Amino acid sequence: MTMQRKFLIGIFISIFCFSLSPLSAQPWVKKAAKSVFTVKTFNADGTLLGSANGFYIGSNGESVSNYAPFKGAATAVVIDASGKEMPVTAILGGDETYDVIKFQVDSKKTTPLTVSTSNATTGTNAWMLPYHEMKNAIGGTIRKTETFRDSYEYLTLALSAPDNCAGSPLFNDAGELIGIMQQAWHQDDTLSYAVCARYADSLHISGLSINDPALRAIGIKKALPNELSQALLTLYVAGASLDSIAYDALIEDFIVQYPDAPDGYQYRAQREVDVHQFEKAAHDMEQSIKVAEKKDEAHFTYSKLIFQKEIYMSDTPFDGWSLDKALAEAQEASRINPMAIYRHHEATILYAQKKYSEAYQVYTTLFNSEIRSASIFYEASRCQEMLRDTTAQLSLLDSCIATFNRPYLKEAAPYLFARSQVRANAKRYRDAVNDLNDYESLMQTSVNANFYYLRHQAEIGGRLFQQALNDIDRAIQMEPDNTYYMAERASLQVRVGLLEEAMETAREIIKLDPQSSDGYLFLGLAQCLKGQKAEGVKNLQKAKELGDPQADGLIEKYK
């Protein structure tokens with residue numbers, strides 16, 4: 001046997017012995033074995049979905065494994081080295097791309113593996129410890145490292161792993177955890193792969209995780225974030241994404257995890273109000289005030305909840321709540337911290353109580369506050385409207401519009417429209433038309449037939465007859481079968497002496513609706529004015545037969 005052949009055989013034997021060397025030779029193995037388990041996942045009907053290895057990474061049941069067996073799972077259990085079975089209670093994070101999941105096991109005390117703080121190095125030894133191979137070493141060499149997510153490594157190993165090793169921990173010679181094993185690409189692959197253990201340990205739930213598709217694909221409950229701000233974000237986002245049962249359960253979990261945060265009680269109170277459990281809601285709101293650091297905010301939230309109930313559920317009385325109670329809570333919030341937003345809410349309640357003068361007095365204190373805005377002046381103008389003071393109402397609407405600069409933005413549109421109606425009612429027709437012109441320029445794609453009808457009415461009042469004719473024509477173009485608009489056009493055409501046009505419009509009305517008295521009335525009137533009295537009176541008589549109250553007087557005039 002040549003020396004070269006002896007050397008190659010020696011290399012082969014050394015590699016073979018390394019791959020099968022007993023783990024007991026490593027001082028850390030016995031302790032590490034306590035942290036390794038198998039995890040089994042199940043469908044909603046209880047049938048087995050998948051299984052993998054896993055291990056503890058925290059002292060309170062925090063664990064990691066492969067993501068794949070959890071996709072679609074309704075429940076899961078782990079079986080540790082002693083054969084003890086424990087349920088998985090919550091998902092703590094996951095990444096489908098790198099096939100890693102972090103979860104909570106129902107155990108108060110677990111032995112975690114020690115995660116290496118150093119990067120794995122190419123050419124060094126690596127040891128795999130699967131659940132089913134507690135007495136045999138499965139060793140190899142790190143052949144390649146690739147960086148992902150800025151600071152974590154994806155490891156390629158010169159290691160031929162047996163079946164069912166996915167999710168097993170991977171150690172360095174010092175017994176420090178460096179990776180979590182991935183499923184082999186194919187059965188005969190002589191290479192194995194692992195994801196950095198630090199990455200698995202870093203997985204966590206954030207406020208937006210509830211919308212993560214990978215986590216939503218798992219039916220097991222997701223844990224709340226460990227930061228209060230993120231947990232609150234979860235509650236906010238979950239309201240639009242979870243069904244009512246899951247959302248209620250999430251709120252209960254929040255209260256358990258954050259018993260001194262008022263928000264959980266407030267969210268639960270809102271849910272209770274929605275199902276008319278007002279007494280429970282009142283108890284929760286009192287508790288939220290009790291635990292809140294910022295008492296003013298809690299009183300303010302309570303006031304808004306009562307107000308909501310009294311406005312939208314007034315047909316279901318609850319002795320403990322009233323608008324007076326809502327006002328008292330808002331005033332208490334103002335007493336503790338005199339913020340303008342609290343005073344604004346007081347004014348809103350007073351308006352709902354029809355205490356318009358008192359509400360207006362509160363609004364006046366807000367005109368120069370930090371929440372000064374168009375809406376504040378507009379709401380104050382509504383108080384003056386109810387007090388029948390049109391002059392004051394218009395003055396406030398002027399102040400409302402003055403908060404905007406020309407050229408106006410769309411935000412000004414509803415206030416321009418509101419002022420136009422008040423101006424029209426005050427017979428300031430041309431001013432009303434100016435407001436409607438500004439409104440149209442802002443809302444060109446949204447104006448409808450009714451808008452043009454209203455502006456046509458204001459233009460008639462301002463004796464802008466040609467503009468009025470143009471606008472009623474636009475209204476009819478948008479709604480060509482609307483005989484009411486046609487009657488308005490016929491009336492205006494008669495008024496400005498366009499008698500032939502009025503007769504044509506009247507005939508269109510009769511064609512569309514033979515039972516409408518308007519067509520016969522305006523046809524008859526136009527004919528009489530045109531000198532065709534016999535035909536005109538005949539049509540006026542037809543209008544009378546169809547019930548038109550104006551026909552009688554016109555018949556007497558022209559017969």
Side-chain angles (χ1 to χ4, degrees), residues 295-315 317 321-406 408-429 431-432 434-436 438-439 442 454 458:
K295 305 291 186 185
D296 57 308
E297 293 182 1
H299 282 289
F300 178 51
T301 301
Y302 194 11
S303 176
K304 290 191 294 181
L305 189 65
I306 297 171
F307 181 75
Q308 169 199 329
K309 183 267 170 195
E310 290 301 303
I311 295 299
Y312 300 109
M313 303 178 189
S314 57
D315 57 338
W321 287 359
S322 63
L323 288 176
D324 284 339
K325 171 68 172 173
L327 182 63
E329 291 294 331
Q331 290 171 336
E332 179 63 12
S334 294
R335 185 193 66 78
I336 297 170
N337 185 8
M339 292 180 63
I341 189 173
Y342 301 157
R343 293 286 284 159
H344 179 222
H345 187 54
E346 288 180 43
T348 303
I349 298 169
L350 288 165
Y351 184 91
Q353 292 179 306
K354 300 183 180 181
K355 298 177 180 179
Y356 304 119
S357 180
E358 293 177 49
Y360 177 72
Q361 292 305 315
V362 177
Y363 278 119
T364 61
T365 68
L366 304 175
F367 291 161
N368 294 309
S369 71
E370 66 271 21
I371 65 169
R372 182 181 188 272
S373 64
S375 64
I376 294 296
F377 287 107
Y378 173 73
E379 291 167 23
S381 78
R382 294 294 305 277
C383 293
Q384 293 300 336
E385 177 186 10
M386 302 308 294
L387 293 169
R388 302 284 194 272
D389 190 337
T390 302
T391 301
Q393 182 185 6
L394 276 171
S395 176
L396 289 163
L397 286 172
D398 289 341
S399 297
C400 169
I401 302 299
T403 63
F404 300 98
N405 295 318
R406 287 184 178 272
Y408 292 133
L409 299 177
K410 274 193 174 183
E411 287 75 5
Y415 303 116
L416 287 165
F417 188 85
R419 186 172 68 174
S420 76
Q421 300 309 291
V422 179
R423 282 176 161 179
N425 291 335
K427 299 185 178 182
R428 291 172 54 179
Y429 298 113
D431 288 338
N434 289 336
D435 279 343
L436 290 171
D438 286 333
Y439 178 87
L442 294 174
L454 290 174

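Please read all numbers here as calculations on a predicted model, not as lab measurements. Side chains included, hydrogens not; waters and symmetry mates left out as well; all remaining heavy atoms used.
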Residue pair [X] / [Y], side-chain heavy-atom distance below 4.5 Å:
X    : Y    : value
S369 : I376 : no
L416 : R419 : yes
K309 : I306 : no
Y302 : F307 : no
Y415 : S375 : yes

Residues which pass salt bridge (Lys or Arg N to Asp or Glu O under 4.0 Å) with [X], listed by chain and number, not counting sequence neighbours:
X    : result
K295 : none
R372 : none
D431 : R428
E310 : none

When rounded to the nearest 0.5 angstrom, what distance separates [atom1] in [X] from [atom2] in [Y]?
X    : Y    : atom1 : atom2 : answer
W321 : S314 : CH2   : OG    : 14.0 Å
R423 : D435 : CZ    : CG    : 4.5 Å
Y378 : I401 : OH    : CD1   : 10.5 Å
E297 : I336 : CD    : CD1   : 10.5 Å
D296 : N337 : CG    : CG    : 4.5 Å

For [X], check side chain to side chain donor-acceptor pair (under 3.5 Å) against everything at least two apart and list the hits.
X    : answer
Y360 : none
E332 : R335
S322 : none

- Residues that F377 engages under ring-ring contact (aromatic ring centres under 6.0 Å, His included), provided they are two or more places apart: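 If we apply the ring-ring contact (aromatic ring centres under 6.0 Å, His included) test to F377, skipping adjacent residues, the hits are F367.
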
- Can you name the residues that form a ring-ring contact (aromatic ring centres under 6.0 Å, His included) with H299, not counting sequence neighbours?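 Partners of H299 by the ring-ring contact (aromatic ring centres under 6.0 Å, His included) criterion come out as none, since no residue qualifies.
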
- Query: Using a distance-only test with no angle check, is there a side-chain donor-acceptor pair under 3.5 angstrom linking Q353 and D324?
  - Reply: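 Judged by distance alone, the side chains do pair up.
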
- Message: Do E379 and Y351 pair up side chain to side chain, a donor and an acceptor below 3.5 Å, judged on atom types alone?
- Response: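 E379 vs Y351: no donor-acceptor pair found between side chains.
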
- Message: Can you pull out every salt bridge (Lys or Arg N to Asp or Glu O under 4.0 Å) where at least one residue sits in residues 344-355? Sequence neighbours excluded, please.
- Response: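 Found R343-E346.
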
- Audit row: I371, M339, side chain to side chain contact (heavy atoms under 4.5 Å, CB included) steps and yes/no: CA-CA 10 Å; I371 65 169; M339 292 180 63; over 6 Å; no

- Message: Between S334 (side chain only) and A330 (backbone N and O only), is there a donor and an acceptor less than 3.5 Å apart?
- Response: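 Side chain of S334 to backbone of A330, a donor-acceptor pair under 3.5 Å: yes, one is there.
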
- Task: Please state whether the rings of Y342 and F300 are parallel, tilted or perpendicular, taking 30° and 60° as the class boundaries.
- Result: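 Geometry flag for F300 against Y342: tilted rings.
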
Taking all atoms of both residues into account, what is the closest heavy-atom pair of [X] and [Y], and its distance?
X    : Y    : result
A347 : V362 : CB-CG1, 3.8 Å
I311 : A352 : CD1-CB, 4.0 Å
A424 : A432 : N-CB, 3.8 Å

For residues 383-396, which side-chain donor-acceptor pairs fall under 3.5 Å, sequence neighbours excluded?
from : atom 1 : to   : atom 2 : distance (Å)
E385 : OE1    : R382 : NE     : 3.0
D389 : OD1    : T391 : N      : 3.4
D389 : OD1    : A392 : N      : 3.0

- Tell me, please, which residues at least two apart from A413 pass side-chain contact (heavy atoms from CB on, under 4.5 Å).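 Partners of A413 by the side-chain contact (heavy atoms from CB on, under 4.5 Å) criterion, ordered by chain and then number, come out as Y439, L442, M443.
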
